[in-house]
Amino acid sequence: MIFLRAALCAALFLVWGAVGAVAQDVTLTSRDGSVEITGTLLGFDGEFYRVDTVYGELTVDGSGVLCEGPGCPNLTAFVAELRMSGAETMGAVLMPALVEAFAQRSGLFATRQEDEPARITYLLRDKAQGQLVGRFHIHATNTDEGFADLLVNEADIVMSLREVRPAEVARAQEAGMGDLRGRGRVRVLALDALVPVVAPDNPVGTITTPDLARVFSGQIDNWQALGGPDAPITLHLRDARSGLGQAVVDRLLRPIGADLAEGAVRHTTNAALAEAVTRDPFGLGLASAAAVGGAKPLALSGDCGFSLRAERRNVKTEDYPLTAPLFLYLPARRLPSLARDFMSYLRGPQAQLVIRRAGFVDQTPEEIPIDAQGNRFANAIARAGDETGLMDLQRMVSVLSPHKRLTTTFRFEPGSTRLDAQSRSNVEQLARALEAGVYDTRDLLFVGFSDGEGSARINSEIAGRRAETVRGAVIAAAETANLSRIGLGVDAFGEAMPMACDDSAWGRLVNRRVEVWVR
């Protein structure tokens with residue numbers, strides 16, 4: 001009965017878990033001695049114990065219990081632990097830069113230790129007294145390894161260049177980590193992009209997205225088919241376990257149901273890939289936009305005449321077809337106070353500046369005036385379908401002219417009414433801005449657009465419903481916002497302003513979007 005009461009009482013304190021040291025046996029006893037919990041200490045965050053018991057994993061408020069056993073922490077000299085594991089693209093440069101900047105901002109002194117290859121530990125000390133207050137561990141390996149570390153309780157945060165797989169979601173739920181796709185469990189830290197790169201003297205300057213897919217699926221294997229010399233194409237990719245390597249399959253090959261061609265040269269780091277392509281006159285690689293090195297990036301074009309480069313604004317709005325979000329996945333686990341401060345810092349303007357300096361695209365919304373979007377409206381006129389008349393274009397210009405476009409854009413998963421992972425993060429970001437009063441006394445207009453397949457009237461109706469969906473999601477997430485101070489409207493222009501050619505799955509996906517315009 002005592003243990004049953006212990007389980008029930010502990011369940012009342014269930015919150016996010018904790019970060020801990022080596023698991024050891026402990027006994028937690030309520031201060032009146034009526035409740036006793038025995039198990040393996042999985043973590044302590046300075047406030048809560050996380051214990052593996054015969055009743056499962058329990059999280060218990062430390063203020064109500066006494067701890068006995070070899071695993072009990074030192075309450076007077078608590079050191080916060082945070083373990084991050086995953087994509088080398090994020091762990092090698094970006095996260096260290098963010099940890100160092102966070103320490104400086106927080107009045108802490110950060111000492112970097114290279115524990116072993118791909119493993120970094122930052123010791124964070126109070127500048128005034130020199131007391132150790134935190135250890136932040138970074139395992140810069142690959143996305144697969146990051147999720148594996150999380151599932152065996154060796155990581156608290158996964159750094160990922162792809163969305164979590166269904167099997168990983170299921171295993172995390174079985175382990176009591178919550179739904180990794182749920183609200184608050186995933187956020188987009190920054191944006192990168194997959195960029196086709198060639199040697200500097202390669203005469204090819206652009207490639208269509210369908211041709212790029214055909215090359216990497218082995219359907220095109222000679223440069224002559226792309227307007228280059230009569231020479232075989234050598235493919236260069238990141239290793240198969242890296243998020244960047246997996247994103248090639250997810251973002252480029254899956255839309256056409258193709259498999260990766262055999263014989264591609266694999267590289268363990270982004271720098272090695274860029275260097276190899278630079279030295280290979282007949283090489284074609286897919287690189288991180290933040291790590292192109294001396295290679296020449298190609299623009300993505302289409303048969304209809306659109307051409308897009310992986311420039312910052314195109315990536316930020318996700319108009320570039322091969323945008324690659326940098327995800328952070330957090331299980332349903334309570335982090336120490338210092339780690340929670342770090343996660344809050346990552347959302348702020350100082351962190352966004354660090355992200356930009358590291359070569360990635362930040363998440364700070366920008367307002368783009370309409371006179372800086374002349375090419376978009378020119379394309380709208382040049383590529384308007386047969387069912388899009390002059391009056392439709394005039395109405396669009398009339399409605400949008402008083403506004404500025406936010407770089408925050410929303411898209412849906414293919415064949416689904418569910419927002420994709422990047423857009424779900426954008427919902428949270430915009431909702432926080434509304435709660436903070438950023439757009440008080442201003443009008444936000446959610447504008448739906450579609451691809452050009454099918455009836456223009458039906459496309460406009462679908463675009464309108466999508467815009468309503470996004471508006472509703474933002475309102476639901478902005479729980480504390482004073483919405484009476486903000487105008488939140490909806491409009492739709494269907495296929496009137498394409499961003500890419502409709503002749504490919506990638507172009508149609510880019511064109512199906514909800515934009516936010518503000519005045």
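Side chains are part of it too, since the values below use all heavy atoms of this structure and drop only hydrogens, waters and symmetry mates.
Partners of T121 according to the side chain to side chain donor-acceptor pair (under 3.5 Å) rule, which considers only residues two or more places apart in sequence or in another chain, are D115, H137.
The closest side-chain donor-acceptor pair between S85 and D149 falls under 3.5 angstrom. Side chain to side chain, T408 and N426 fail the donor-acceptor criterion of an N or O pair below 3.5 Å.
Counting only residues at least two apart or on different chains, the ring-ring contact (aromatic ring centres under 6.0 Å, His included) pairs with a member in residues 221-254 are H236-H267. Counting only residues at least two apart or in different chains, salt bridge (Lys or Arg N to Asp or Glu O under 4.0 Å) contacts with residues 201-228 comprise D211-R214. Pairs engaging residues 272-290 under the salt bridge (Lys or Arg N to Asp or Glu O under 4.0 Å) rule: E275-R279 [sequence neighbours left out]. Pairs of residues two or more places apart, or lying in two chains, that qualify as salt bridge (Lys or Arg N to Asp or Glu O under 4.0 Å) and include a residue from residues 251-267 are D250-R254. Sorted by first then second residue, the ring-ring contact (aromatic ring centres under 6.0 Å, His included) pairs that include residues 166-188, not counting sequence neighbours, number zero.
S425 places a side-chain N or O within 3.5 Å of a backbone atom of V188 that can act as its donor or acceptor partner.
No salt bridge links R181 with E163; every basic N to acidic carboxylate O contact stays at or beyond 4.0 Å.
Ring pair F327/Y329 is tilted by interplanar angle, where 30° to 60° counts as tilted.
Of the listed residues (R356, R357, R347), just one forms a salt bridge (charged side-chain N to carboxylate O under 4.0 Å, His left out) with D362, and that residue is R356.
R471 forms no cation-pi arrangement with F446, by the criterion of a distance under 6.0 Å to the ring centre and an angle within 45° of the ring axis.
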